Amino acid sequence: MINNKIGGHNMVGRAVNRLAGRLTAVALTAAMAVSMLAGCAAGGKNTETAAKKEYKPSAMEQMNAKNDPNVIQDNYRTCYEVFVYSFFDSDGDGIGDLKGLTEKLDYIEGLGCNEIWMMPIMPSPSYHKYDITDYMNIDKQYGTLDDFDALITECHKRNINVIIDFVMNHTSNEHPWFKAAADYIKSLPDGAEPDPSECPYVDYYNFSKTNAGGYNQLPGTNWYYESQFVDSMPDLNLQSEAVRGEIDKVTSFWLDRGVDGFRLDAVLYYNNNNQTETIDDLTWLVNNVKSKKADAYMVGEGWTTYREYAKYYKSGIDSMFNFDFSQQDGYIGKVLNGTANHGASTYGNAIVDVENEIKKYTDSYIDAPFYTNHDMGRSAGYYNGDNAEEKTKMAQAMNLLMPGNAFLYYGDEIGMRGAANDETKRLAMRWSGDSKAKGMCVGPQNAEETEQTYDTLDKQMDDPYSIYNFVKQTISIRNAFPEIARGTNTFEKDLSNENVCIFTREYNGEKAVLVFNPSKDEASVDVSSLGINDAVAMLQTTKKAPSYKDGTAKLPAYSVLVLK
Ligand SMILES: [Ca+2]
Ligand SMILES: [Ca+2]
């Protein structure tokens, strides 16, 4: 019984044998504690309370704890996407803020993440702040520039990099630039053409007398202005030297304050009708930032398939988000939902296809895998019925163990749900079941009530088999073996099949083999041809743990084994 729980006898590799003594000791101690509790329990309730305090590490926690972190301070990180509004509130107004985020850096560090992407923090009339009125300040709801400086200092103390959302495609229609341009156009006599020497801001936007697609009428005039998303977000004219001059000031402003890079919003829309000009705009921006800070990290949002977004690597940008693995119908979701053509192998083939496509345009890039973000229904909602929790966990392993700089959306580490509208995709972080607990946010006003399947964070932290602990273990593996994120990725196609997907990752003389079983069935695979000594790390989504013996990896449904 003890051995089953610990999985010790199933894992007969050399390293495991070395650990066996300690594992058994832990198992015995845990077993003794449980039996003692059972022995003195008169009523169920007391036993339950006492038993909860007895944290009994899972087999994966015990195995993975043997690996020291080996974090390299480069741009291959694990990035935590934060919607500040919904994260942690420091002053009791129910809205998350920079001081609140600073208070939770220990939590983010404890999860293993070493980069933060903050969704827009600049002044804006909206709750989401993707329509900016001042590119060189902090929105009052979130705090002050002093708060920002303190946040950067605290992040860097922990070796956490900070990238901020940079919305360059459009401003708010309340931005002083647009207001000045609109007032000027409104003042023009009938038939007169705007003159940038009279009002330079007319050149900042795209005004037209023709109502083309993506344009909205300027009220009270016969003029239209480009606004691809919504009339409150006028598109900037990024080919304008004056606009580029403004952007140059903005990048300097934030780089001087210590940001480590930028997440670029809506890259595909820079010039909506002309991809060449869009890539030119992007190239200009990348060069602008890199000339000031060579190791700044830049990642672009181009919401399309890899054959399209790969082209934007021509700009020299570090990363474009890898949309093909995200969402319910992406490769990860398809494999786990059983709709992928080649089962587990589909995951491996897809990683190789994306790599090959990107390499057509650049030989130096960092893939940016992510599974969900603030524009997508949350992942826990992708899986219902049998094995829903196992699939929710496994999806994060398939995301966070991809090569590149991997992204995790806040709240996904506890399997939060939320999908109905944009607001519902950005619900308040569920720190506690007590809505009055310190730091709890109210979340966006128009969010829909959402039934949650999984516990709040405080409870999940006490459960070794929670989604939270699974994600934490996954990131610990990423941090222990730098070759997982970097270097050469080989999909071991011949050894992979419908149920099992195997990769070799090599970097700096180190080599790790990753075996994924994203299927509902147990799988055994002979990996002796890959030159393996032993199992070094694993992920289990249930109490059943994977194992390795005499060249054979044995993986229960929805599990991962790392071999070296
Ligand atoms: Ca607040
Ligand atoms: Ca545009």
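Just so you know, ligand 1 is whichever comes first in the structure, and atom 1 is the first atom listed for that ligand. Everything numeric in this text was worked out from a predicted model, so none of it was measured.
The one candidate from Asp74, Asn75, Asn405 that meets the side chain to side chain donor-acceptor pair (under 3.5 Å) condition with Arg486 is Asp74.
In summary, Ile95 places an N/O/S atom under 3.0 Å from the Ca ion (ligand 1), meeting the contact criterion. Within the coordination shell of the Ca ion (ligand 2), defined by N, O or S atoms under 3.0 Å, Glu226 is absent.
Inter-residue side-chain proximity for Lys425 and Asn373 is flagged as unmet; no heavy-atom pair is nearer than 4.5 Å. Side-chain atoms of Leu145 and Arg257, non-hydrogen and from C-beta on, do get closer than 4.5 Å to each other.
By the 30° and 60° cut-offs, the orientation of the rings of Phe87 relative to Tyr107 is tilted. Using bins of under 30°, 30° to 60° and over 60° for the plane-to-plane angle, the ring pair Tyr127/Tyr85 lands in the perpendicular bin.
Vertex the Ca ion (ligand 1), arms ending at OD1 of Asp89 and OD1 of Asp91: the angle is 70° after rounding to 10 degrees. Put simply, the angle at the Ca ion (ligand 2) from O in Tyr269 to OD1 in Asn169 is close to 70°, to the nearest 10°.
Asp106 has a carboxylate O that lies under 4.0 Å from a charged side-chain N of Arg158, or vice versa, which qualifies the two as a salt bridge.
When distances from the Ca ion (ligand 2) to the N, O or S atoms of Asp235 are compared, OD2 comes out shortest. The atom name of the N/O/S atom in Asp97 closest to the Ca ion (ligand 1) is OD2. Considering just the N/O/S atoms of Asp93, the one nearest the Ca ion (ligand 1) carries the name OD1.
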